[in-house]
Amino acid sequence: MNFQILDADYIGTHDGPVVRLFGRAEGGESVCCFVPGFEPYFYLNAEGELDKLSTMLRERFDVIKKVDIVPKFEPVGYQVSKKPMLKVTTMEPRNVPEIRDDVLTLPGVKEVYETDILFRNRFLIDKDLHGMGWVTATPSSNEPVSEGRIYCDSVFTADSLEEIEKLSIAPLKYLAFDIECLPIGGSMPVPETSPVIMVSMSFSPAYNGHETVVLVAKKVEGIGEDVECFDSEAQMLSRFFEIFQEYDADVISGYNINDFDVPYIADRVNILTDSGENVRSSVGRDGRLLSYRKIGNRTMVSIPGRVVVDALPLIRSQYSLKRYTLRNVAKELLDSEKLDVAPSEMEEYWNDSGERILKFIDYARRDSELAMELILKLRLLDKHIAISQVSGSILQEVVDGGQTSMVDNLLLREYGRADRVIPPKPNDELVAMRNRSSEGLKGGEVLEPKRGLLEDVVILDYKSLYPTIMMAHNLCYTTVVEQDRPDGDTIKPPSGGEFVSAGVSKGIMPSILESLLQRRTETKRKMKATSDETEHRVLDATQLALKILLNSFYGYSGYTRARLYSLALANAVTSFGRNNILDTRALINGSISKVILRDDSAYFTEELSSIDPNDEVVSLSVVYGDTDSVFVQCASKKDVSLDGLGLVGSKIAATVSDSLPDPMELEFESIARRALFIAKKRYAIWVFERSGDGWEDGIKVKGMETVRRDWCGLTSKTLNRVLELVLKEGNVESAVQHVRSVVDGVRNIDVRTDSAIIEDLTMTRMFSKKATSYKNKQPHLTVAEKIEERTGTPPPVGERIPFVIVAGKDLFVNRAEDPEYVRENNIPIDVDYYIKKQLLPPVERILGVFGVDMANLDYDSKQKGLFDFSDKPQTNAVEFKKKEVDVQPQQQTSTDKKSQSSLFDF
DNA sequence: TGCGCAACCTAA
DNA sequence: TTAGTTAGGTTGCGCA
């Protein structure tokens, strides 16, 4: 039987541990496959006589099943040869963590390795199986080991198990749910007092013909057949769990279920059970009851055999939004409206027996529908499924965890193959030491931008810079020269240290990266070849997953909580990177310097015997660069077409790439017809990218206020318009006019008549830590406190808090207010703050390039005297701009070229 | 007025 | 038993 591995765990039996693989088969059946016979173990590094130690271990610990002497490399450093270590096999997986500390106290024992690998991961790694990978299993005649009912269509013990190559994804079943609770007096409901009154469920594919089902804990007349009514909350919840198990979903979803719905239901079940009701909350494929664990601030939910996917954290990490309420997310990402009953009105709606209760039911239904839509329409899981397949981690681990677990997984696999052991995760003490001992990790190089408006800038970037550096220079934990001296070449990074060359010993990490890169290239090739849309999507997710993994290794190496942490390695990578971008700039400015365009080809001067009058000579100069990118300004006497600039870009890319070791590669990315550099990491460009045979244009903004969530929408919108006018139309005058009209509008805001404007004046900031650990007061903290005063509950840490600044004499931070409250109470906002602090400074940073200043913009300012106010600000601005431009020689040419175009056409 | 600091968010 | 990294700009505030 073939099935895709969704989840894995193990159970203990009197014959030792038995692994359970849960999955979904090609034909659509859910599968639970038992695999006996795999044993837990760890490694031990000791000095002295290993035979004696081995005997001592077996005598001392009766949970040790056997001890073998195996040759292994230590985790870090180039080593000429392996050394004998002990492989300790225990009876039960839990024995490994139980005895690891005691084992360390035995004489001669130096270190223990791989003592904290979850048994299911150990199994998957050793058997070369992967999360979301397909396996073919031969069912055994043996009865499946059973600890009670398994909620799967097919349950069997496997004689043999092997991974198979298969691109498709099994027909997964999704269930999204959402609960409604009855708040007492309009405040936040708590399980101790507020019952669950409705449960809304959405299914994909449908459940008995229903896409949604709503369960209601009271009798209601006039409902449809997809609404079920119950006499009590307990009966309703029992039905929920019954449907849950009957439907047998692979993916359990909802919005904020991890932090709210799941704990709430679990708590309610306990409360109801304590009061004598009978609710069995069976949800696992092994019948496990619904439960959750609090780890620090976060709630972890796991359901054996299924994957719990809360849409909220996924959306938080994948989309940059001002707010992550379901209402806002639905509006921004699905363009659909969430329906709501205000908490204060809920009781009224609930107690109604007519239209309002029906409305309430429909609203509830909508919430689980939206969660399902988010998962399916935004394809939130595709990337995670691909990462699971590529890294080998179980899907739940990929969804919940970060990059560490995927890198761990890949490293464990390859270290194992190369007979190297891996240390356990560092304890807090070691982490503290690593953090303390910091000579520090230096990062990427950011080139000083040439500020102002530039034209014809070719943008190039390094393809996977850090991974390719690691490959090119064989940088790895396993190649760093520490204990043994190599007999052969070494590589000395600019940061210091020494690594053996690939000729001496190829590093494990470079090998992993190479195979990931190769797979990515292959996947992209397949993508181009296929015409099947589903296949294309799967391949696209796969290549993206490969890219994410490629880029995770560097960060891991400099992460103090990583199993393998090496400052020498991480610093080697970035130091090569810094040198590389500086060398690239020198090469382009220096020996390349000019490119000549002739007959749709690009040449260097030395490639041509003479310069023809029809040749276009393009002079190059690097005007900006950040870590792995270079922006090259192209100056020419004549206008150069996009295709011409494309040729220049490709010529530069090829030339620079040729000068670099494989597989480092500079790629031509795009062309900015106009580019405005404000500061490092802050710029806007009118960019043209290749699209089929032609070019596709757009405006790209980096780092400026338009893309920052702690600035108000009014600023973003105004700035975007200004950038568009300046970059696309070259029309500074219109930009100035636009800003003036906006400023005018703000001056005349009357909150009482125009409460919609509040939306545009709202800023948000993340409530990033407990209120007590803030050293300084913050505007969003002020609002958080006010909300707590008003409702009794503060917003949770991690939430983005919206606020506006209201009029008054007090300190800025104290005048932050909840926008909702401002709307309801018609509180006047601080018009001056919005003009002087929100609108004008960012605008001035842009228009200042053309000589426009505050006085030109805020012409209606009541404090005219503060600024050097001019009679004819608009003319002033433009004349200044013209002069500015004329002063710069690079732009002299562009002025000539474009003197008839809109830039100076006024 | 200038400076240092905390806090935020972004680029890569 | 959580969590890849550093570089960099901007703001508000308290203080010399």
Side-chain angles (χ1 to χ4, degrees), chain A residues 97 116-118 258 293-300 302 313 317 320 322 397 399-408 424-428 431 438 440-449 461-462 464-466 548-567 569-571 573-575 577-578 581 624-630 678-683 700-711 715 763-769 773-782 798 800-801 805 811-816 833 836-838 841-842 845:
Chain A
D116 58 352
I117 315 298
L118 288 181
N258 281 4
R293 289 170 300 169
K294 286 257 181 214
I295 296 177
N297 281 329
R298 230 166 91 190
T299 315
M300 299 290 280
S302 76
S317 65
S320 174
K322 287 203 168 181
E397 214 167 283
V399 170
D400 290 341
Q403 300 181 17
T404 315
S405 77
M406 6 188 271
V407 174
D408 271 346
K425 286 186 182 157
N427 55 26
D428 287 352
V431 170
S438 60
L441 172 54
K442 280 192 74 185
E445 178 77 30
V446 187
L447 304 181
E448 198 58 52
D461 60 21
Y462 279 93
S464 304
L465 180 67
Y466 287 174
I548 290 167
L549 281 171
L550 273 168
N551 288 321
S552 297
F553 281 81
Y554 154 71
Y556 179 95
S557 71
Y559 176 45
T560 46
R561 307 192 89 95
R563 291 171 190 279
L564 293 164
Y565 166 76
S566 172
L567 257 193
L569 173 57
N571 265 322
V573 175
T574 56
S575 68
R578 288 191 299 277
I581 190 174
Y624 182 57
D626 186 348
T627 311
D628 62 354
S629 64
V630 275
I678 301 298
K680 284 180 174 178
K681 297 188 187 288
R682 280 173 194 230
Y683 61 89
K700 207 180 253 180
V701 184
K702 294 289 181 185
M704 300 185 10
E705 290 76 3
T706 52
V707 298
R708 292 182 61 94
R709 293 173 286 185
D710 51 353
W711 289 77
T715 302
M763 298 165 269
T764 65
R765 279 180 139 196
M766 187 152 81
F767 188 29
S768 60
K769 48 192 172 190
S773 36
Y774 278 93
K775 289 191 178 171
N776 295 337
K777 230 178 159 201
Q778 296 294 326
H780 53 306
L781 196 60
T782 306
R800 297 192 65 83
I801 299 177
I805 303 301
L811 227 45
F812 162 84
V813 283
N814 296 324
R815 287 187 285 115
Y833 167 80
K836 295 240 171 59
K837 301 288 183 180
Q838 276 285 310
R845 277 192 280 272

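Heavy-atom basis, side chains included; hydrogens, waters and symmetry copies ignored. Note that the structure is a prediction, hence the values are computed from the model and not measured.
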Arg709(A) side chain: which of dG8(C), dT6(C), dC9(B) is closest? dC9(B)
Using the side-chain heavy atoms of Tyr559(A), tell me which of these nucleotides is nearest: dT5(C), dA12(B), dA7(B). dT5(C)
Which nucleotide in dA11(B), dG4(C), dC8(B) has an atom nearest any side-chain atom of Lys702(A): dA11(B)
dT10(C), dC8(B), dC13(C): which one has an atom nearest the side-chain heavy atoms of Leu811(A)? dC13(C)
Let me confirm one number: the OG-CG distance from Ser464(A) to Asn551(A), rounded to the nearest 0.5 Å. 5.0 Å
Assign Gln403(A) to base, sugar-phosphate, or nothing according to its heavy-atom contacts below 4.0 angstrom with the strands shown. base
When the nearest nucleotide of DNA chain B is assigned to Asn776(A) and to Arg800(A) on a heavy-atom basis, which residue is associated with the more 5' position? Asn776(A)
Pairing nucleotide - dG12(C), Watson-Crick or G-U, each distance under 3.5 Å: dC5(B)
Which nucleotide wins on minimum distance to the side chain of Arg682(A), given the candidates dA6(B), dT10(C), dC13(C)? dT10(C)
Only pairs with both distances under 3.5 Å count, Watson-Crick or wobble alike; so what is the partner of dT2(C) in this structure? none
What's the closest nucleotide to the side chain of Met766(A) if the choices are dG12(C), dA7(C), dC9(B)? dC9(B)
What is the nucleic acid contact for Lys294(A), judged by heavy atoms within less than 4.0 Å: base, sugar-phosphate only, or nothing? nothing
Tell me which nucleotide among dG4(C), dG9(C), dT11(C) gets nearest to the side chain of Tyr554(A). dG4(C)
Establish whether the base of dT6(C) is bridged to the side chain of Arg578(A) by a donor-acceptor pair shorter than 3.5 Å. no
Hey, is the main chain of Met763(A) close enough, under 3.5 Å, to the side chain of Asp710(A) for a donor-acceptor pair? no
Kindly point out which of dG9(C), dT11(C), dA7(C) is positioned nearest to the side chain of Ala679(A)? dG9(C)
Closest of dA11(B), dC8(B), dG9(C) to the His780(A) side chain is dC8(B)
Within the modelled atom types, does a donor on one side and an acceptor on the other bring the side chain of Arg708(A) and the base of dC9(B) under 3.5 Å apart? yes
Categorize Thr404(A) for me: base, sugar-phosphate, or nothing, with a 4.0 angstrom heavy-atom threshold over every strand shown. sugar-phosphate
Indicate, with a heavy-atom threshold strictly under 4.0 Å, whether Lys425(A) touches base, sugar-phosphate, or nothing. nothing
Using the side-chain heavy atoms of Lys681(A), tell me which of these nucleotides is nearest: dC8(B), dG8(C), dG12(C). dG8(C)
